[in-house]
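Notes follow once the structure below has been shown.
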Amino acid sequence: MSEQPRKIVIVGATSAIAEHCARLWVQGKPAELILIGRDTSRLERVAADLKVRSPQSVCNPLRANFLDPDAIQTTVDGIAAAGKIDIVLIAHGALTEQEDCQNKLRTCRETLDINGISPVLYAEAFARHLAATSHGTLALIGSVAGDRGRKSNYVYGAAKGMVTRYAQGLQHRFAGTGVKVVLIKPGPTDTPMTAHLKGQGAKLASVEDVARQIVLAIEQGKSITYVPGKWRLIMWVIRHLPDFIFNKLDI
Ligand SMILES: NC(=O)c1ccc[n+]([C@@H]2O[C@H](COP(=O)([O-])OP(=O)(O)OC[C@H]3O[C@@H](n4cnc5c(N)ncnc54)[C@H](OP(=O)(O)O)[C@@H]3O)[C@@H](O)[C@H]2O)c1
């Protein structure tokens, strides 16, 4: 009897990091992918590319709402009703300018919503279904920015900090069950999100490497993964710096 393809749901499937994870997932073995995003044409482009790479895979683009709890619930319930889910990757996010968040409360609110509230709502909606089958891995992309508030990006960082604390609670809830919760904390990575930093000469990890490490962490069901791994130590130091030193840093 042939093995059923794995069912993988990606929320924010047009993200460069997520797209590279999807490419790895369809490599070798066909998979059933549900690609959730806000823009149909971008989703269709990602789905078409994956189909070329893996003609046996099923790639279903699904345009969805990212903020309305009822709409998110309906989207997720519909996916779960169609069969058991193996992996959920919640990847969407937006790195807004910190100064814009300080000057425009609307931007501040949108930053908190899309990077914090929205991933939590999606995760919570999927968690209910994974709990019912006691099966599957739920992965959330946080950020090293969530480890300690810094003047350069503390609103984005606060939202990512929410994702960190949320994932910690979900891991506690599912401990000892068949459900794994994986929190990924990337450092600066070469994607459209950081194009402006690249122009300023920032050192960025390659998206291919980051995706490889994320896919591995999900396979292993690791609870927290810094990618690249050096960020675990860097952020340990930053978290533990006393205020009198930390406050002198321009970071
Ligand atoms: N790149 C980095 O250095 C880095 C570092 C740490 C953490 N991360 C995190 O990694 C994840 C993936 O980021 P990436 O680097 O792959 O960035 P990316 O290529 O810019 O992708 C961002 C994704 O978020 C979606 N998105 C943005 N604003 C949205 C909104 N208002 N409503 C719905 N979807 C929205 C985008 O959808 P559209 O395609 O429709 O715009 C896209 O799918 C994010 O959670 C990010 O915070 C990235």
Side-chain angles (χ1 to χ4, degrees), residues 9-23 34-47 49 61-68 71-72 75 88-98 100 106-123 139-148 150 152-153 155-164 166-167 182-200 202-211 213-215 217-218 224-228 230-232 234-235:
V9 183
I10 306 180
V11 186
T14 56
S15 120
I17 292 178
E19 188 177 356
H20 281 80
C21 290
R23 289 180 186 178
I34 296 160
L35 306 169
I36 301 180
R38 62 175 165 175
D39 183 287
T40 306
S41 63
R42 278 201 285 268
L43 285 168
E44 282 172 351
R45 181 195 56 75
V46 173
D49 175 77
L62 179 60
R63 195 168 82 87
N65 187 291
F66 278 74
L67 295 176
D68 178 64
I72 291 171
T75 299
V88 179
L89 172 64
I90 299 179
H92 59 286
L95 179 61
T96 41
E97 287 290 331
Q98 171 60 31
D100 290 344
R106 180 163 296 282
T107 307
C108 185
R109 170 66 188 261
E110 286 167 0
T111 304
L112 294 170
D113 278 344
I114 201 61
N115 294 294
I117 301 287
S118 173
V120 166
L121 291 178
Y122 264 106
L140 293 126
I141 304 189
S143 170
V144 295
D147 275 17
R148 186 167 184 176
R150 287 178 287 124
S152 60
N153 65 2
V155 174
Y156 172 78
K160 292 295 191 180
M162 176 198 278
V163 172
T164 295
Y166 170 79
V182 173
L183 174 65
I184 295 133
K185 297 187 187 186
T189 304
D190 191 358
T191 71
M193 183 176 278
T194 52
H196 62 296
L197 299 177
K198 201 175 179 183
Q200 296 161 15
K203 204 164 171 289
L204 304 170
S206 90
V207 68
E208 290 84 1
D209 282 350
V210 165
Q213 290 173 56
I214 291 175
V215 166
I218 291 173
I224 299 180
T225 299
Y226 286 83
V227 282
K230 67 177 181 185
W231 284 96
R232 179 179 290 276
I234 296 170
M235 294 318 296

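Since we're looking at a predicted model, the values are computed, not measured. Atoms within a ligand are numbered from 1 in the order they appear, just like the ligands themselves.
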| Do His92 and Pro119 come close enough that some side-chain heavy atom pair is under 4.5 Å? | yes
| remark: protein heavy-atom neighbour closest to atom 5 (C) of ligand 1 works out as Gly187 O, 3.4 Å
| Ligand-side contact atoms (ligand 1) for residue partner Pro192, heavy atom cut-off under 4.0 Å | 19 (O)
| Under a heavy-atom criterion of less than 4.0 Å, does Gly142 contact ligand 1? | yes
| task | Could you say whether the N/O atoms of Ala13 and ligand 1 ever approach to under 3.5 Å? | result | no
| request: Could you tell me whether the side chain of Ile17 reaches within less than 4.5 Å of the side chain of Met193, counting heavy atoms only? | output: no
| query | Is the number of heavy atoms from other residues, nucleotides or ligands under 6.0 Å of Glu110 CD greater than 12? | reply | yes
| query | So do the side chains of Thr191 and His20 get within less than 4.5 Å of each other, counting heavy atoms only? | reply | no
| Enumerated ligand 1 atoms positioned under 4.0 Å from heavy atoms of Pro188 | 3 (O)
| task | Check Ala91 against ligand 1 and report side chain, backbone, both or neither, counting heavy atoms closer than 4.0 Å. | result | backbone
| task | Could you check which of Ser143, Ser15, Ala145 puts a non-hydrogen atom nearest to atom 21 (O) of ligand 1? | result | Ser15
| request: Check Met193 against ligand 1 and report side chain, backbone, both or neither, counting heavy atoms closer than 4.0 Å. | output: both
| Heavy-atom distance under 4.5 Å between the side chains of Leu89 and Cys21, does that happen here? | yes
| message | Under 3.5 Å, is there a donor on one side chain and an acceptor on the other for Thr107 and Thr96? | response | no
| When you measure from atom 26 (N) of ligand 1 to each heavy atom in Gly12, Gly93, Ala16, Pro186, which option holds the nearest one? | Gly93
| query | Would you say Ser118 contacts ligand 1, with heavy atoms under 4.0 Å as the rule? | reply | no
| Any N or O of His92 closer than 3.5 Å to N or O of ligand 1 | yes
| request: Around atom 41 (O) of ligand 1, find the nearest protein heavy atom and jot down its residue, atom name and distance. | output: Arg38 NH2, 2.8 Å
| query | Is there a side-chain contact between Lys185 and Thr164 (heavy atoms, below 4.5 Å)? | reply | yes
| Do Tyr166 and Leu183 come close enough that some side-chain heavy atom pair is under 4.5 Å? | no
| field | Under 3.5 Å: donor-acceptor pair, side chain of Asn115, backbone of Ala94 | value | yes
| remark: When every non-hydrogen atom of Glu44 is compared with those of Pro61, the smallest separation belongs to CG-CG, 4.1 Å
| Check: Asp39 side chain, Arg42 main-chain N or O, donor-acceptor pair, under 3.5 Å | yes
| field | Within-cut-off N or O pair, Thr189 and ligand 1, under 3.5 Å | value | yes
| query | Any non-hydrogen atom of Gly37 lying under 4.0 Å from ligand 1? | reply | no
| note | Heavy-atom proximity to atom 15 (O) of ligand 1 ranks first, among Thr191, Val210, Leu204, Val11, for Thr191
| remark: If we number the atoms of ligand 1 from 1 as shown, the ones under 4.0 Å from a heavy atom of Thr194 are 1 (N), 2 (C), 3 (O)
| Considering only protein heavy atoms, which is closest to atom 8 (N) of ligand 1, and at what distance to one decimal place? | Tyr156 OH, 3.7 Å
| query | Which protein heavy atom lies closest to atom 32 (N) of ligand 1, and at what distance to 0.1 Å? | reply | Ile114 CD1, 3.3 Å
| request: Might you confirm whether atom CZ of Arg150 has over 12 heavy atoms from other residues, nucleotides or ligands at distances under 6.0 Å? | output: yes
| message | Taking 4.0 Å as the limit for heavy-atom contacts, which would you say applies to Thr14 with ligand 1: side chain only, backbone only, both, or neither? | response | both
| Any nitrogen or oxygen of Arg42, main chain or side chain, under 3.5 Å from a nitrogen or oxygen of ligand 1? | yes
| Which is it for Lys160 and ligand 1 at heavy atoms under 4.0 Å: side chain, backbone, both or neither? | side chain
| said: Can you report which non-hydrogen protein atom sits closest to atom 10 (O) of ligand 1, along with the distance? | reply: Ile141 CG2, 3.3 Å
| Given side chains that start at C-beta, do those of Pro188 and Trp231 come closer than 4.5 Å, heavy atoms only? | yes
